[in-house]
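Shown next, in structure tokens, is the structure this report addresses.
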Amino acid sequence: RVPPLPRLAARDSATAGRRARTAGNATLRDGPAARASTLVRVPPATPLVVEGAAAVAGGGGEAWLRVRLADGTAGYLPADAVRTETERGA
């Protein structure tokens, strides 16, 4: 079970609800960290919905997004593994 996303900051709320796709092979995790458990491996161009940005403990480091796949699976991907529809030029 993926923990609920904390309340989004104003800058993150613009990202929430956006349709996107994976930029390449990605690993959906149960938390916003590379050491978090793997939920599923996701192939390139997999459609998803961005639910918001996750703050990383300690401030610095990699940015993570909470996402939901078409089958309803929710988890976290590194932000650089996700391309929103506008970033793709669509």
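In what follows, every heavy atom counts, from backbone to side chain, and hydrogens, waters and symmetry copies are set aside. Note that the structure is predicted; figures quoted are calculated from it, not measured.
A heavy-atom distance below 4.5 Å is not found between the side chains of D30 and T38. You'll find the side chain of E51 reaches within 4.5 Å of the side chain of R68, heavy atoms only.
Separation of atoms OG1 (T22) and CZ (R41) is listed at 13.5 Å; rounding is to 0.5 Å. Here OG1 of T73 is found 11.5 Å from CG of L48. Values are rounded to the nearest 0.5 Å. Taking CG of L28 as the reference point, atom CZ of R66 lies at 9.5 Å (rounded to 0.5 Å).
Across all their heavy atoms, A26 and L77 have their closest contact at CB-CD2, 3.7 Å. Of all heavy-atom pairs spanning A45 and R21, the tightest one is O-NH1, 2.8 Å. When all heavy atoms of Y76 and A54 are compared, the pair lying nearest together is CE2-CB, 3.6 Å.
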Would you please test V40 and L69 for side-chain contact (heavy atoms from CB on, under 4.5 Å) and show each step?
CA-CA 10 Å; V40 66; L69 303 179; 4.1 Å; yes

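In this structure a side-chain-to-backbone donor-acceptor pair under 3.5 Å is present from R29 to A36.
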